[in-house]
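One structure is given here, and the rest of the page talks about it.
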Protein chains: 2
Amino acid sequence: MLTIGKLGQAAGVKVPTIRYYEQIGLLPEAERSAGNQRLYSRKALDRLTFVRHARELGFTLDAIRDLLSLSDHPDQPCAAADAIAKAQLAEIEKRLARLASLKVELKRMVAQCAGGSIADCRVIEVLGNHSLCAAEHGPRESEGDS
Amino acid sequence: MLTIGKLGQAAGVKVPTIRYYEQIGLLPEAERSAGNQRLYSRKALDRLTFVRHARELGFTLDAIRDLLSLSDHPDQPCAAADAIAKAQLAEIEKRLARLASLKVELKRMVAQCAGGSIADCRVIEVLGNHSLCAAEHGPRESEGDS
DNA sequence: CTAATGTCTATAGCCACTGTAGCTTCAAGA
DNA sequence: TCTTGAAGCTACAGTGGCTATAGACATTAG
Ligand SMILES: [Zn+2]
Ligand SMILES: [Zn+2]
Ligand SMILES: [Zn+2]
Ligand SMILES: [Zn+2]
């Protein structure tokens with residue numbers, strides 16, 4: 001059995017984050033020691049490691065909740081899990097495309113500035129006038145993490 | 001003079017967002033009509049349009065605050081503005097690199113799944129075990145918007 | 001035994017909004 | 001002129017995914 005600190009170290013997750021996950025019901029309530037401290041099994045470590053990895057891959061906690069409950073039913077078909085992963089891939093590709101177009105605009109902006117006074121600064125000018133942009137870079141639609 | 005609704009339409013910004021920007025001091029306090037409603041000049045529209053465009057390009061409100069105050073001093077050199085834009089470009093490039101590596105992993109994951117039961121699902125398996133990943137995809141370090 | 005570290009709960013804060021409730025004001029039509 | 005409906009007002013709560021703080025209790029090493 002691991003204390004919360006050891007668990008956090010082992011999984012690479014900060015202690016308050018683990019308590020937060022428990023609080024929102026992503027992780028089950030931990031067993032407690034005689035002195036009311038949380039104790040975790042090896043299985044709990046696997047679960048938290050799964051959560052961490054999925055977070056690193058950009059899945060939302062809601063998606064992870066679903067993935068966890070799917071992984072608790074190994075005999076079910078995996079179509080639902082695959083669908084979640086495909087949706088995540090699509091989301092990442094969407095963000096990627098948007099960031100790529102932002103990068104183009106920002107690069108152009110920075111490159112075009114000759115470095116005089118603010119009055120002549122291309123950065124300030126372009127920010128004030130989207131029609132100076134080379135292409136579209138739609139409204140930011142919740143850009144999520146990483 | 002424009003009402004807040006007209007201003008929002010003209011700039012493509014929602015009304016509550018405008019009030020929020022005023023509240024946090026990003027926009028100056030608006031003049032008021034006899035009946036206490038906000039009234040905006042053409043200059044205010046320019047300012048809000050600038051803010052919107054900068055947000056679309058991913059600048060934080062703090063960065064925009066600085067950019068706005070720079071653009072209020074047209075005789076100063078533009079190095080500070082350029083530095084902010086370059087930092088933003090660097091940030092975007094960092095996110096882009098990370099998203100690109102996430103995309104690779106997710107694609108691999110999805111492609112490798114043969115579609116049987118959860119017990120054999122590659123998606124679930126890889127999520128539980130990062131060593132099955134082809135490359136690194138560091139810890140998510142605050143991924144900001146869009 | 002004591003001191004240092006770890007853990008406990010509860011609460012507030014972060015960013016950039018968005019939504020709600022319960023009012024007041026305004027513009028247009030009858 | 002009266003009425004209706006849209007638009008505006010303030011103040012506050014909620015979003016996601018944590019992170020930080022305060023003040024009390026538990027555990028462990030020396
Ligand atoms: Zn410049
Ligand atoms: Zn633009
Ligand atoms: Zn599968
Ligand atoms: Zn991995």
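The chains referred to below are lettered A, B, ... by the order of the sequence lines, with proteins before strands, and numbering in each begins at 1.
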Minimum-distance nucleotide to [X] side chain [options: [options]]:
X: Thr17(A); options: dC8(C), dC18(D), dG17(D); result: dC18(D)
X: Tyr20(B); options: dT27(D), dC17(C), dT25(C); result: dC17(C)
X: Arg38(B); options: dG8(D), dT10(D), dT18(C); result: dT10(D)

Which whole-number value in Å describes the distance from [X] [atom1] to [N] [atom2]?
X: Asn36(A); N: dT27(D); atom1: CG; atom2: C1'; value: 13 Å
X: Asp62(A); N: dG17(D); atom1: CG; atom2: P; value: 7 Å
X: Tyr21(A); N: dT19(D); atom1: OH; atom2: C1'; value: 12 Å
X: Leu7(B); N: dC9(D); atom1: CG; atom2: P; value: 11 Å
X: Lys6(A); N: dT5(C); atom1: NZ; atom2: P; value: 14 Å
X: Arg65(B); N: dC15(C); atom1: CZ; atom2: C1'; value: 12 Å
X: Gln9(A); N: dT5(C); atom1: CD; atom2: P; value: 15 Å
X: Tyr40(A); N: dT7(C); atom1: OH; atom2: C1'; value: 11 Å

Please tell me if Thr3(B) has a side-chain N or O lying less than 4.0 Å from either OP1 or OP2 of dC26(C).
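False: Thr3(B) side-chain N/O out of range (4.0 Å or more) of dC26(C) OP1/OP2.
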Counting just side-chain N and O atoms, does Ser33(A) come under 4.0 Å of either OP1 or OP2 of dT27(D)?
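The answer is yes; a side-chain N or O of Ser33(A) sits under 4.0 Å from OP1 or OP2.
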May I ask whether Ile24(A) and Leu68(A) are part of the same hydrophobic cluster, defined by side-chain heavy atoms of I, L, V, M, F, W, Y residues being less than 4.5 angstrom apart, directly or through others?
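Hydrophobic grouping puts Ile24(A) with Leu68(A).
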Cluster question for you: counting only ILVMFWY and a side-chain heavy-atom cut-off of under 4.5 Å, with indirect links fine, are Leu132(A) and Phe50(B) together?
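Yes, Leu132(A) and Phe50(B) fall within the same hydrophobic cluster.
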Select from Gln37(B) and Leu61(B) the residue whose nearest nucleotide in DNA chain C is closer to the 5' end of that strand.
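That would be Leu61(B).
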Please tell me if the side chains of Phe59(A) and Leu127(B) come closer than 4.5 Å, counting only heavy atoms from C-beta onward.
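Yes, side chains in contact.
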In terms of side-chain geometry, is the basic nitrogen of Glu22(B) or Arg19(B) positioned less than 4.0 Å from the acidic oxygen of its partner?
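No, Glu22(B) and Arg19(B) are not salt-bridged.
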Looking at Glu105(B) and Arg108(B), does any basic side-chain N land under 4.0 Å from a carboxylate oxygen?
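Counted as a salt bridge, because a side-chain N and a carboxylate O are separated by less than 4.0 Å.
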Pick the nucleotide of DNA chain D nearest each of Gln23(B) and Ile4(B); which residue has the one closer to the 5' end?
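With Gln23(B) and Ile4(B) compared, the 5'-side residue is Ile4(B).
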Want to settle it: does Arg19(A) or Arg32(B) sit nearer the 5' end of DNA chain D, counting the closest nucleotide to each?
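Closer to the 5' end of DNA chain D: Arg32(B).
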